[in-house]
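The first residue in the sequence is number 1, and the count goes up from there. In this text the structure is predicted, and so the values were computed from the model without any measurement.
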Amino acid sequence: MPSLCQPGGPGAMWLPLFGEDEQRWPNGLRGVLYAVGLIYCFVGVAIIADLFMAAIEKVTSRRKKEQRGDGRMQTLNVWNETVATLTLMALGSSAPEIFLSIVDIFKNKFKFGQLGPATIVGSASFNLLVIVSVCIATIPSDEVRMIRNVPAFAITAISSLLAYVWMAITLVGNTAGVVDLWEALVTFLLFPVLVYVSYKVDRGDLNPLLRRFGMVAKETDAAEQSQFLAFSVESLAIGGVDTGKDFEVTVLRRGPKIDGAGPVSCTYRTEGVTAVPGFDYEEVEGSVEFEEGQTEARIQLRILDSVRKLNRIEFLLILEEAEGDVCFDPEDDGGDESAILTVAIEAGEQAGVLLRNFDAWIGINSLRRCLAEWKDQIVNSFYCNGSLEEQRGASAFDWITHIIALPWKVAIAFCPPVCLGGGWICFFATLAGIGIVTVFVSDLAELFGCVVGIPDFVTAITIVALGTSMPDLFASLSAAKEDPSADASIVNVTGSNSVNVYLGLGVPWTMAALYWEAKGSRFYVQSENLAFSVGAFCYVCLLALGILWLRRTMLKAELGGSWFAKVSSSVSFIIFWLCWVFVVSWQVLRGHKANPTETALALGGTLLTTVFWAVIPMLAMRYRFRLDRISSGPKAQDDETSFDPGSQGPQADTGGTGNADHFEIDVKEGHRGAGSWGGEAQSKGASSTSDFEPDAGWDTVDFTVDDVGDEKVIELPEVSECKLASAGLRQ
């Protein structure tokens, strides 16, 4: 029987478009056309994925009101952050791979296909090695990024590794070449298990266990904060009006000893609940500044008179990002991270029951706003860079990329905006769009591989995996640059790799196993190449995670750091990926027919190369670690004797990176031979203060500074010596 790309062949699912006539075109021409079409589909997937993620953010941003035990109301997120990240957010980043695997099962009439599973493994390799490599290298050498949520990283990293180990066991360990129904169900059910465990960790239920492994700090008595920022009232109701109305909200700075207290500040913003910004109220944001000794500040708000208010509606005024010697009252709405004031706008006049119910169900102003946004969304899709103003300053490159992507932009612009239906309508519409484009990706990948003579497996782990992971690459790169930690750029990668297996293989394998179970047969798989690729991935995955662990212990940073340590780590990750692609491709193309010499050269050469490039960053980090110890070691004896323990003390300068939010300093007692000594380490201009009581000799103190600015100083009163235990700090 002719292959799918030859005249008389079956073709793919929807392609070729011109049927048998297209199959007679020259292979070179078709190869170029299919490659261009594949790349163009990747562009479409990236554009749709952007809107898909926006819809997910809208869905997960919903808030609700709950009554506490003391009768006061508190505002909570409907979606737990961890659950949202591992479900909807992970689905958004992994949707192309998951759909490709499902489409592959349907196209092959519930028989095993190479394209879907190979893309899952190839995408995992690209995510962990290439994306993390780019994130490490993109941080300037004088800045660092560190994972703050260590338990989340540990759970997702272990889960991602175990997911692929389980995949290998399923393929070759239990019933080789067969995926039974129970194995497929276990693969799928591991996903809710991961979500549940992560949720329990997020709530702190597993903290006693995590403390044994050093993932959670020991509980200490929290230092009492003497000053708080809070609203003067817990809620505010404004009468319905027919004309615009301005009013003020008072923010208080309360606590003892306000007189003489230094300046503090915080940011504020409004957020709609049932009220619609731009129609019911004026959306505002800014900062509240308190001068020395000032106790009150005011924020100006405005109710708009666009239409009469048929029902009681609400919006929130939120205070965030407190700076200075102040925080938010944990007993108030918003907790210790923010202060939330609910502003209610009463109904302006009586109206018919039908009209009021329609407004309560749909929201007249909300509908007006969504229709206006939809119109702008369509119009702006035609402009280069998204608007007429931005188009005036567009470069030639901007115009080229705009013209190329214009058909995709216009098509996606007709998708309902995220504000309609709480984001769910856009969510399902874009999900369907990703599914449709994924069918074309699958067809084009198969036709391309057939025309140029490359097996589907090799096409999947290279071209297809790279194309479907491009949105993740740009998202992680942006997060690495903008976020003060490495959580968004690394933890999301490990979480996405777990979801790829649990859903990307669990769902289609369960469907196929059920189908063949109903027919009295079994779901047979071609496991040799897939199992080999999974085993090779687990090997390079352990190397990569080991380097990240060494970067954390030696450099106190997963991303960034000194130039040599940063570049060596980044290059090592890229070498790991290239070696993985080479050895898996060799296994698919030559492994079954290679002689022992060729096998030894291929496998041995890959092993030696990866080991060599695993040692290089270790040596670089060791060198940097020793250099930091030497350059920031204890002072000479003359300096020690001339130091007055009662003075300000040694100072450790964070270097003005703006991102070194966690570091260690080794301190020595101020009066040698005097036994234990109590002192206080205070960060000037930051929000953290740590108490420590070192024994005789050296002790290590961890500092976490939340708001490190251009130049922050750690003061060590009554400390005779100090040495810095972290890279990127100056003594």
Next item on the list: Answer yes if the side chains of S123 and E97 hold a donor-acceptor pair under 3.5 Å, and no otherwise.
Entry: yes

Next item on the list: Anything under 30° is parallel, anything over 60° is perpendicular, the rest tilted; go ahead and classify Y40 against W408.
Entry: tilted

Check: F188 and Y502: aromatic ring centres closer than 6.0 Å?
Finding: no

Notebook entry, point to check: Will you find, in the side chains of S489 and R145, an N or O donor that is under 3.5 Å from an N or O acceptor?
Noted result: no

Notebook entry, point to check: Is the closest side-chain heavy-atom distance between S3 and C450 below 4.5 Å?
Noted result: yes

Note to self: When you compare the side chains of T187 and W509, does any donor N or O come within less than 3.5 Å of an acceptor on the partner?
What the structure shows: no

Margin query: Testing the basics here: between L115 and D104, what is the closest heavy-atom pair and its distance to 0.1 Å?
Written below: N-OD2, 3.5 Å

Item checked: Heavy-atom donor-acceptor pair, E446 side chain to D443 backbone, under 3.5 Å -> no

Next item on the list: Could you tell me whether a side-chain N or O of T610 sits under 3.5 Å from a main-chain N or O of L607, the two making a donor and an acceptor?
Entry: yes

Checklist line | Parallel, tilted or perpendicular, as decided by the 30° and 60° cut-offs, for the rings of W25 and F18 | finding: tilted

Notebook entry, point to check: Would you call the rings of F110 and Y515 parallel, tilted or perpendicular, where under 30° means parallel and over 60° means perpendicular?
Noted result: parallel

Notebook entry, point to check: Are T597 and L601 close enough that some pair of their side-chain heavy atoms sits under 4.5 Å apart?
Noted result: yes

Checklist line | Sub-6.0 Å ring centroid separation between W516 and Y524 | finding: no

Check: Minimum heavy-atom separation for A488 to D483, with atom names?
Finding: CB-OD2, 3.2 Å

Check: If you measure only the distance, is there a donor-acceptor pair under 3.5 Å linking the side chains of Q114 and Q526?
Finding: yes

Next item on the list: Pick out which of L503, T119, I434 makes a side chain to side chain contact (heavy atoms under 4.5 Å, CB included) with I98.
Entry: L503

Note to self: For E22, is the CD atom crowded, meaning more than 12 foreign heavy atoms sit under 6.0 Å from it?
What the structure shows: yes

Next item on the list: Consider only side-chain N and O atoms of S395 and D398, and report whether a donor and an acceptor are under 3.5 Å apart.
Entry: yes

Item checked: Expected output: side-chain S570 to main-chain K566 donor-acceptor under 3.5 Å -> no

Next item on the list: Please name the pair of heavy atoms, one in A594 and one in T599, separated by the smallest distance, quoted to 0.1 Å.
Entry: CB-OG1, 3.8 Å

Item checked: Closest non-hydrogen atom pair between P151 and V201, with its separation -> CB-CG1, 3.5 Å

Notebook entry, point to check: Quick one: which of S498, P192, S198 gives a side chain to side chain contact (heavy atoms under 4.5 Å, CB included) with L86?
Noted result: S198

Checklist line | Donor-acceptor contact present, side-chain S469 to main-chain L466, <3.5 Å | finding: no

Note to self: Which heavy atom of Q23 sits nearest to which heavy atom of G9, and what is that distance?
What the structure shows: NE2-O, 3.5 Å

Notebook entry, point to check: At their closest point, which heavy atom of I461 faces which heavy atom of V584, and how far apart are they?
Noted result: CD1-CG1, 3.6 Å

Item checked: Side-chain donor/acceptor of T468 to backbone N/O of A465, under 3.5 Å -> yes

Check: Under 2.5 Å between the SG atoms of C415 and C426: is that the case?
Finding: no

Item checked: W577 side chain vs N127 backbone, donor-acceptor pair below 3.5 Å -> no

Notebook entry, point to check: Among side-chain atoms of S485 and D487, is any donor-acceptor pair under 3.5 angstrom?
Noted result: yes

Check: Looking only at atom types and distance, does a side-chain atom of T170 sit under 3.5 Å from a main-chain N or O of W166, one as donor and one as acceptor?
Finding: yes

Note to self: So does G449 get a backbone contact from the side chain of T459, meaning a donor-acceptor N/O pair under 3.5 Å?
What the structure shows: no

Notebook entry, point to check: For L530, does its backbone N or O pair with a side-chain atom of S533 as donor and acceptor, under 3.5 Å?
Noted result: yes

Check: In terms of side-chain heavy atoms, does W586 have a donor or acceptor partner in E598 at a distance below 3.5 Å?
Finding: yes

Notebook entry, point to check: Judged by atom type as modelled, is there a donor-acceptor pair below 3.5 Å linking the side chain of S496 to the main-chain atoms of V493?
Noted result: no

